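A quick note: this is a predicted structure, and the numbers were derived from the prediction, not measured. So you know, we letter chains A, B, ... as the sequences are listed, proteins then strands, and number each from 1.
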Amino acid sequence: MDEFILIFRHEDGSKIASPEQMQTWMKQTMDWIGGIAAQNKFVGGNGLPLDTSRVVHHNNVVTNGPFGEIKETIGGYVIVKAGSIDEAVEFAKGCPVLQGDGNTVEVRKIARGDGAH
Amino acid sequence: MPAGLFMKKQELIPHLFRTEYRKIVSVLCRRFGFAYIETAEDIASDTFATAAQIWPMKGVPENPVGWLYNVAKNKAKNHLHRKGIFDEKVAPSVKIESEEFNEPDIDLSPQNINDSQLQMMFAICHPSISVESQVGLSLRVLCGFGIDEIAEAFLTNKETINKRLFRAKERLREESIQIEIPAAAELEKRLDAVLTTIYLLFSEGCYSISGNQAIRKELCLEAMRLCYMLIENKSTDKPKVNALLALMCFHTSRFDARLNDDGSIILYDEQDSSLWNAELISRGGYFLNRGSIGGVLSKYHLEAAIASWSIQQADTKEKWENILQLYNHLLQIEYSPVAALNRTFAMAKANGKLEAIKEADKLNMTNNRFYFALLGELYSGIDNNKSAENFGKAILLAKNPAERQAMQKKLARLEV
């Protein structure tokens, strides 16, 4: 069993959705995570609020946000246990973020730290 | 002599044994050191044997508890002098304090009794012995249960329990366990172990298959008493301790409604809610409030909140949505098959059976009777043949007649 991180990239929902819509997304996300946890496959996760963020560049130049030209920013992540990348992808397919056109969930295996990744 | 009075005297010693044995053991054990726990137990047992000999002849003393304490104190002092654990083992290291040993002080004041019991709780719930042993020792030393009662609660025989307790005490001795409240840095972790044992003790009472109702109820009450002792002490009065007590209050509030007179299980939706204990429900609310400070959200908080929603019998959308989210959260903190199944049931109520069936399929818990019972429930009204098939599997896997009966009832209700 390996650990995989599912990284969500999406537009800032608060700019395009009503509070009711946000509430629905929140419930869907909690149900989705609960479903992973109910299979004993949930390791951890968190949201990454967009309003408090900076990017540090070469020569220590600091700019606001990771926004710039990129429309899709990282909004959060979940770490799951899975037997294969395909199983992890199946978890990712249920992520409510994917309801937005252009949004993505990137699935990456986490190195075990034993040199055998 | 009126019969009533006679009965009362017959019950007095067992009652006092239950309430006072553990106090005497704790105080003496703290005084002698954990290594001498058997001596403490012997003196306490001996004290009750003396009472059983003398009281029928001379009458029950005016203050039976004070009498017991005095006798225990004298026996302990005699022991310290005569048997001389002092001479052989302790003396070399405590020569300076020999004054004190000349007139050994056995302090049976309420304060010292409380402190001793609390400290014993931490000594017994020590990670170096198995959780099963911790529960067994707690029942004996902290709750004053007889060996046969413990054997009955665990559905095993007296020898097994005696051996288990003996080994556990040996192990604690080898570890040179101190009878004390752990230092602040260690307290949080050790407190978790104590709470786990208390909760297990409680669950044993709620869900044990032992048919003895009286013992099961007693187990629940003892678990609550131990938890309350932690709340009474300032250093252990933590939010999660309050949450655990709240959880136990909510659960016991339904104790009388949960079982038929013959011991068979009454399903939730058929329970007579007038049998739910309103006082325990309100106590539960009180301790949950008290525990909801400082932003700590333990699994006990989540389970207590689930239990408090569960006593709302009206089937509202709000109720099930809240229960679903609490289970979602609980599973992230600590997975358990039961929580996973309950979450799926809540999902059926909040999001509909079709969605819940999809989630249930992913759980894939073969050989779990409750899993098939859940599937039977979810498919009923959607696909009654599948429902019947799953209830059938649950009946085959049932562990006792009460469970089998409950499933057969569900199966009979289906219109296939």
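In terms of heavy-atom pairs under 4.5 angstrom with chain A, the leader among Gln332(B), His329(B), Glu359(B) is Gln332(B). The candidate from Leu341(B), Thr344(B), Leu330(B), Leu331(B) with the greatest count of non-hydrogen atom pairs under 4.5 Å with chain A is Leu331(B).
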* Determine, step by step, whether Phe42(A) and Trp32(A) satisfy the ring-ring contact (aromatic ring centres under 6.0 Å, His included) criterion, reporting the C-alpha distance in whole Å, the side-chain angles of both residues, the deciding distance to 0.1 Å, and the verdict. => CA-CA 11 Å; Phe42(A) 178 83; Trp32(A) 173 63; 9.0 Å; no
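Using the six-membered ring where Trp is involved, Phe202(B) and His251(B) have ring planes that are tilted, between 30° and 60° apart.
Residues Glu321(B) and Lys27(A) are paired through a salt bridge, judged by an N-O separation under 4.0 Å between the basic side chain and the carboxylate. No salt bridge links Lys41(A) with Glu90(A); every basic N to acidic carboxylate O contact stays at or beyond 4.0 Å.
Of the atoms belonging to Asn364(B), not a single heavy atom falls under 4.5 Å from chain A. Using a 4.5 Å cut-off between heavy atoms, Gln325(B) contacts chain A through its side chain alone, with no backbone atom that close.
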